[in-house]
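For reference, positions follow the sequence shown, starting with 1. FYI, side chains are in, hydrogens and waters are out, and symmetry mates aren't considered; it's all heavy atoms of this structure.
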Amino acid sequence: METKEILQGRNALRDDFQPLADWIQANYEVTPINIYFEVKGENRIPTLEIWFERDRDLEPFQNKFHTFFKSKHVDAIKEQFKALTPHNQGSADTDLHAGLNGKSFPQFDLNELQVEFTAFKPIARISINEQITSDEIESLQKEIDNPVIWKISRGPSGTTFFLYTDDQVRRFMFTKSHMKWTDMYFELLKKYDEFNYFERDNFVIYLDSKENFENNFHGNWFFYYK
């Protein structure tokens, strides 16, 4: 991923987009780490994707409930992008025209332009957790060697240790055993955390039960993580 390479220092924001990044920083006091433009899908929707590092970097563009992005900010960014790409506004076809700094962008209709804001950190946290191998999970469970643990499962929101019964979950929740399991999993996770996105003080392992999984989710992982 280009955005990851920028954070690693192996790539850089395209020169074409530096003026837009500077404008965003000057007006909203947050700095994009990456910006790119592409024409998406069968309907060829021109899309400007703006990547920030953390969730909080998106706040200047969101409503107070963080449920959508304010249209006035989206429109302002569209207008600024329009000013920076004066030769590229037409129909969103496959023709290429000289863009910023002599480079090329697909032709696009500003009225159809979509602006997307994305934070890298939450996506990276999921990826970091997924890098732990199945063999490592199996080895961890063997090392813990506690018969109450049925399964260790990873989902988009974190990792869950499944015990067998609801009663076991109640008995082990927030106990020394629960904290020890969390420490052990955290140590495993940090092997892959190159950006230091996980901190022990804010890290938690969830507990749930096979009983709950089977009775309320029909033993189906799709339903459980939906």
Side-chain angles (χ1 to χ4, degrees), residues 1-13 21 25 29-36 49-60 62 66 116-166 168-210 212-213 217 221-226:
M1 176 188 284
E2 183 180 275
T3 302
K4 181 178 180 179
E5 292 176 353
I6 291 174
L7 286 171
Q8 290 171 328
R10 298 191 295 117
N11 209 331
L13 176 68
Q25 199 285 326
E29 298 183 338
V30 288
T31 303
I33 54 175
N34 195 16
I35 303 174
Y36 55 90
E49 300 197 25
I50 304 175
W51 285 72
F52 296 90
E53 186 169 6
R54 294 174 170 83
D55 285 334
R56 65 174 179 264
D57 298 332
L58 303 180
E59 292 177 1
Q62 296 173 319
H66 299 178
E116 297 180 357
F117 301 91
T118 307
F120 176 78
K121 180 178 177 178
I123 296 172
R125 283 169 61 94
I126 295 172
S127 176
I128 291 164
N129 199 23
E130 289 177 343
Q131 288 181 62
I132 299 174
T133 67
S134 299
D135 287 344
E136 287 175 311
I137 295 291
E138 183 178 345
S139 295
L140 176 63
Q141 189 165 344
K142 288 179 179 178
E143 182 181 355
I144 293 172
D145 191 27
N146 193 316
V148 302
I149 299 176
W150 169 57
K151 186 179 184 64
I152 298 173
S153 176
R154 290 168 290 172
S157 60
T159 298
T160 302
F161 279 39
F162 281 85
L163 312 187
Y164 281 91
T165 68
D166 291 344
Q168 288 171 339
V169 171
R170 286 189 290 268
R171 288 193 290 110
F172 277 87
M173 186 74 74
F174 304 127
T175 62
K176 289 183 179 180
S177 293
H178 186 187
M179 296 304 102
K180 182 179 179 181
W181 300 342
T182 303
D183 288 338
M184 295 172 73
Y185 193 87
F186 182 77
E187 184 178 348
L188 188 59
L189 188 69
K190 291 299 286 185
K191 290 170 51 179
Y192 301 97
D193 186 14
E194 63 178 304
F195 300 112
N196 201 31
Y197 283 161
F198 287 94
E199 298 177 359
R200 178 61 185 90
D201 290 345
N202 301 318
F203 181 73
V204 63
I205 288 295
Y206 304 111
L207 297 186
D208 206 338
S209 71
K210 183 175 186 283
N212 177 56
F213 176 63
F217 299 94
W221 292 112
F222 175 79
F223 293 145
Y224 186 83
Y225 285 116
K226 186 176 179 181

Open item on the list: Among Val30, Ile35, Asn34, which residue satisfies the side chain to side chain contact (heavy atoms under 4.5 Å, CB included) criterion with Pro32?
Closed with: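 Testing Pro32 for a side chain to side chain contact (heavy atoms under 4.5 Å, CB included) against Val30, Ile35, Asn34 leaves exactly one candidate, Ile35.
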
Nearest atoms (heavy-atom pairs only) where [X] meets [Y]:
X	Y	value
Arg125	Tyr197	NH1-O, 2.7 Å
Phe52	Thr31	CD2-O, 3.6 Å
Asp55	Pro122	OD1-CG, 3.2 Å
Thr159	Arg154	OG1-CG, 3.5 Å
Glu136	Gln131	OE1-O, 4.2 Å
Gln62	Leu58	CG-O, 3.3 Å

With rounding to the nearest 0.5 angstrom, report the [atom1] to [atom2] distance, [X] to [Y].
X	Y	atom1	atom2	result
Asp193	Ile128	CG	CD1	4.0 Å
Thr182	Lys180	OG1	NZ	12.0 Å
Ile33	Ile50	CD1	CD1	12.0 Å
Leu207	Arg170	CG	CZ	12.5 Å
Tyr225	Ser157	OH	OG	7.0 Å
Ile152	Gln141	CD1	CD	4.5 Å

Give a yes or no answer on whether the side chain of [X] reaches the backbone of [Y] with a donor-acceptor pair at less than 3.5 Å.
X	Y	answer
Arg200	Phe203	yes
His178	Val169	no
Lys190	Phe198	yes

What I'd like to find out is whether the side chain of [X] reaches to under 4.5 Å of the side chain of [Y], using heavy atoms alone.
X	Y	result
Phe195	Gln8	yes
Ile149	Leu163	yes
Lys4	Glu194	yes
Phe213	Asp208	no

Open item on the list: Is the ring pair Trp150/Phe162 parallel, tilted or perpendicular, if the boundaries are 30 and 60 degrees?
Closed with: perpendicular

Open item on the list: Quick one about Tyr185 and Asn129 (side-chain donor to acceptor, distance below 3.5 Å, no hydrogens or angles considered), yes or no?
Closed with: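 Present: a donor and an acceptor within the cut-off.
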
Open item on the list: Please tell me whether Ser153 and Tyr224 have a donor and an acceptor in their side chains that are separated by less than 3.5 angstrom.
Closed with: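 No donor-acceptor contact under 3.5 Å links the two side chains.
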
TODO: Kindly state whether the ring of Phe172 and the ring of Phe161 have centres lying under 6.0 angstrom apart.
DONE: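 Ring centres of Phe161 and Phe172 not closer than 6.0 Å.
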
Please check if atom [atom1] in [X] has more than 12 non-hydrogen atoms from other residues, nucleotides or ligands closer than 6.0 Å.
X	atom1	answer
Arg171	CZ	yes
Glu29	CD	no
Glu187	CD	no
Phe223	CZ	no

Task: Residue pair Leu7, Trp51: steps toward the side chain to side chain contact (heavy atoms under 4.5 Å, CB included) verdict - done: CA-CA 11 Å; Leu7 286 171; Trp51 285 72; over 6 Å; no

Task: Criterion side chain to side chain contact (heavy atoms under 4.5 Å, CB included) on Phe120 and Thr3, from CA distance to verdict - done: CA-CA 8 Å; Phe120 176 78; Thr3 302; 3.9 Å; yes

TODO: Determine, for Arg54 against Asp57, whether the closest basic-nitrogen to carboxylate-oxygen distance falls under 4.0 angstrom.
DONE: no

